[in-house]
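So the structure is just underneath, and the comments pick up after that.
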Amino acid sequence: MILHSKISFQTGPEHWHQNYPMAKGDKQSPIEINSKDVRHDTSLSPWHASYDPGAAKTILNNGRTCRVVFDDTFDRSVLRGGPLTGAYRLRQLHLHWGSADDHGSEHVIDGVKYAAELHLVHWNPKHGNFAGALKQPDGVAVVGVFLKVGKTPKPEMKRILEEIDNIKTKGKEAPFQHFDPSILFPKSRDYWTYHGSFTTPPCEECITWILLREPIEVSPDQMARLRSLSKNGENEPMCPLVDNWRPLQPVKGRIVRASFK
Ligand SMILES: NS(=O)(=O)/N=C1/NCCS1
Ligand SMILES: [Zn+2]
């Protein structure tokens, strides 16, 4: 009798906690934001990003997302204000997106899923380095920007999506310089903020999330480009890099504050 061993690759989000216990913590991300439970906090100040376009270095397909990496060896591109104390250094930005326009974002707003979600990841230099910051509750700040498909796409998204053709497969990296990501921000500075985690393993609970209320627009063609990335390397079968979002996590009594009424 031939035993057909069933190899189950337990890599889905529901299995992460087996190797990364933090994934079952009380402050996990993403979450759904329900406006009825949000508290308008008049003491929240505006947030400010002062980014040096020269800090942009490369763009990479790591098989899970498309990531732009910045020089964070000194306070060159920083985020201040809002719920934060001190200046947090911009380290990288990346995206999460769906296989269709009706889903793809990680956070959900009053039941609305956006086509994609842009994350700008910053860390607190008072903790020495990024690895040290991951161990601290005030170690990391991520600005989340929602992307919706529309007819008046932001020309600035073009720059990132034009590079996609050079990083089609996992492991591909290309120079990506002279880029100021603050051009991707919407007009309004309104945001929600709450304390949560990385949405990828080990899911450290070190993030102050700053989610912008106003989405930016991308074109259907731009979304199609994102979906044309492959999870696999160049000598492997093409496997569309889509649906790289983590399912919603329990709020567990956390308060989400809003900078607006
Ligand atoms: N999506 S996320 O920004 O919460 N996760 C990350 N993992 C490694 C750096 S950013
Ligand atoms: Zn992310």
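We use all heavy atoms of the structure for the numbers below, so side chains are in, but hydrogens, waters and symmetry mates are not. Both counts, for ligands and for their atoms, begin at 1 and track the order of listing.
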Using a 4.0 Å cutoff against the non-hydrogen atoms of [X], which atoms of ligand 1 qualify?
X	answer
Glu106	1 (N)
Val121	3 (O), 10 (S)
His119	1 (N), 3 (O)
Gln92	9 (C), 10 (S)
Trp209	4 (O)

Next item on the list: Report yes if the distance between the aromatic ring centroids of His107 and Trp209 is under 6.0 Å, otherwise no.
Entry: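 Centroid distance His107-Trp209: below 6.0 Å, so yes.
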Next item on the list: Look at the aromatic rings of Phe130 and Trp123 and report parallel, tilted or perpendicular, splitting at 30° and 60°.
Entry: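 Because their plane-to-plane angle is over 60°, the rings of Phe130 and Trp123 count as perpendicular.
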Notebook entry, point to check: When Leu241 is tested against each of Thr65, Leu226, Leu229 for side-chain contact (heavy atoms from CB on, under 4.5 Å), which residue passes?
Noted result: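 Going through the options one by one, the only one that passes is Leu229.
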Is any side-chain heavy atom of [Y] closer than 4.5 Å to one of [X]?
X	Y	answer
Val38	Ile33	yes
Ser77	Arg89	no
Val143	Leu212	yes
Tyr51	Ile183	no

Check: Do His96 and ligand 1 have an N or O pair less than 3.5 Å apart?
Finding: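 So ligand 1 has an N or O lying under 3.5 Å from an N or O of His96.
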Notebook entry, point to check: Under 3.5 Å between some N or O of ligand 1 and some N or O of His94?
Noted result: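 Yes, since at least one N or O of His94 sits under 3.5 Å from an N or O of ligand 1.
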Item checked: Protein heavy atom at shortest distance from atom 6 (C) of ligand 1 ->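 Here the closest protein heavy atom is Phe198 CD2, 3.2 Å.
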Margin query: Please report the interatomic distance OH(Tyr114) to CD1(Ile109), rounded to the nearest 0.5 Å.
Written below: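 Tyr114 OH to Ile109 CD1: 6.5 Å, rounded to 0.5 Å.
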Margin query: Just to be sure I'm reading this right: ignoring hydrogens, which of Val142, Thr199, Val140, Thr200 gets closest to atom 1 (N) of ligand 1? Compare them by their nearest heavy atoms.
Written below: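 Selected option, by shortest heavy-atom distance: Thr199.
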Checklist line | NZ or CZ of Arg189 within 45° of Trp47 ring axis and under 6.0 Å | finding: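 Yes, a cation-pi geometry.
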Item checked: Cation over ring face, Arg213 and Phe260, 6.0 Å, 45° ->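 Cation-pi check for Arg213 and Phe260: passes.
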Check: In total, how many protein N/O/S atoms does one find closer than 2.8 Å to the Zn ion (ligand 2)?
Finding: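 My tally for this metal is 3.
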